[in-house]
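Written below as structure tokens is the structure these notes are about.
None of the values given here were measured: they were computed from a predicted structure.
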Amino acid sequence: VNVVPERKPAPREVFDDATVTELTGVVRGPRDAGLQIWLKVQSKDEYLSLGAGDKIDVGQWQGRVKSVQRQRAVLESEDGREYELGLGEILSNASPVESGG
């Protein structure tokens with residue numbers, strides 16, 4: 001009797017869209033609604049237009065836009081940590097904001 005071990009397929013790695021999502025612009029929102037950021041999700045060829053308070057759910061990155069300035073945005077992850085994202089930067093590479101305390 002030959003026993004052949006069952007072969008299980010290797011787990012597939014899930015692609016993280018946040019690794020190819022770039023902050024491409026900061027624009028004034030409609031009717032003076034404040035500044036908004038444009039994120040390009042390159043893997044899906046789509047743009048997200050988000051303002052302060054809007055939820056972000058891109059790949060492994062979940063949180064919200066905390067504030068938007070002329071050349072950058074401050075994002076808050078689900079665990080409450082803050083990150084800064086500048087024009088031309090990739091979402092997954094957002095820089096942690098150092099707390100001064």
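Looking at V74 and Y83, their side chains never come closer than 4.5 Å, going by heavy atoms from C-beta outward. With a 4.5 Å cut-off on side-chain heavy atoms, S95 and V97 do not count as touching. Between W61 and I56 there is a side-chain heavy-atom pair separated by less than 4.5 Å. Contact of the Q36 side chain with the V26 side chain is not registered, since no non-hydrogen atoms from C-beta on lie closer than 4.5 Å. Proximity of V20 to K40: side-chain heavy atoms (C-beta onward) are nowhere separated by under 4.5 Å.
Listed by first then second residue, pairs satisfying salt bridge (Lys or Arg N to Asp or Glu O under 4.0 Å) with a partner in residues 55-64 read R64-E76, not counting sequence neighbours.
Heavy-atom minimum distance, D17 versus K44: OD2-CE, 3.2 Å. Considering all non-hydrogen atoms of both residues, V68 and A52 come closest at CG2-N, 4.3 Å.
Between S67 atom OG and E82 atom CD the span is 7.5 Å, to the nearest 0.5 Å. Atom CG of D54 is separated from atom NZ of K66 by 15.5 Å, given to the nearest 0.5 angstrom. Put simply, CD on Q71 and CG on L87 are 5.0 Å apart, with the number rounded to the nearest 0.5 Å. One finds the CD1 atom of I37 at 6.5 Å from the CG atom of L85 (value rounded to the nearest 0.5 Å). To the nearest 0.5 Å, atoms CG (L75) and CG (L39) are separated by 7.5 Å.
I90 and V58 fall into different hydrophobic clusters, where Ile, Leu, Val, Met, Phe, Trp and Tyr are joined by side-chain heavy atoms under 4.5 Å apart, directly or via other members.
Proximity of a side-chain donor or acceptor of D45 to a complementary backbone N or O of Q42 within less than 3.5 Å is not detected. Using modelled atom types, one side-chain atom of Q62 and one backbone atom of G59 make a donor-acceptor pair closer than 3.5 Å. Here the side chain of D16 pairs a donor or acceptor atom with the backbone of Q60 at under 3.5 angstrom. The closest donor-acceptor contact from the side chain of T21 to the backbone of L91 lies at 3.5 Å or more, if one exists at all.
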inquiry  = Pair L23, W38 - check side-chain contact (heavy atoms from CB on, under 4.5 Å), show working.
reply    = CA-CA 6 Å; L23 176 57; W38 283 20; 5.7 Å; no
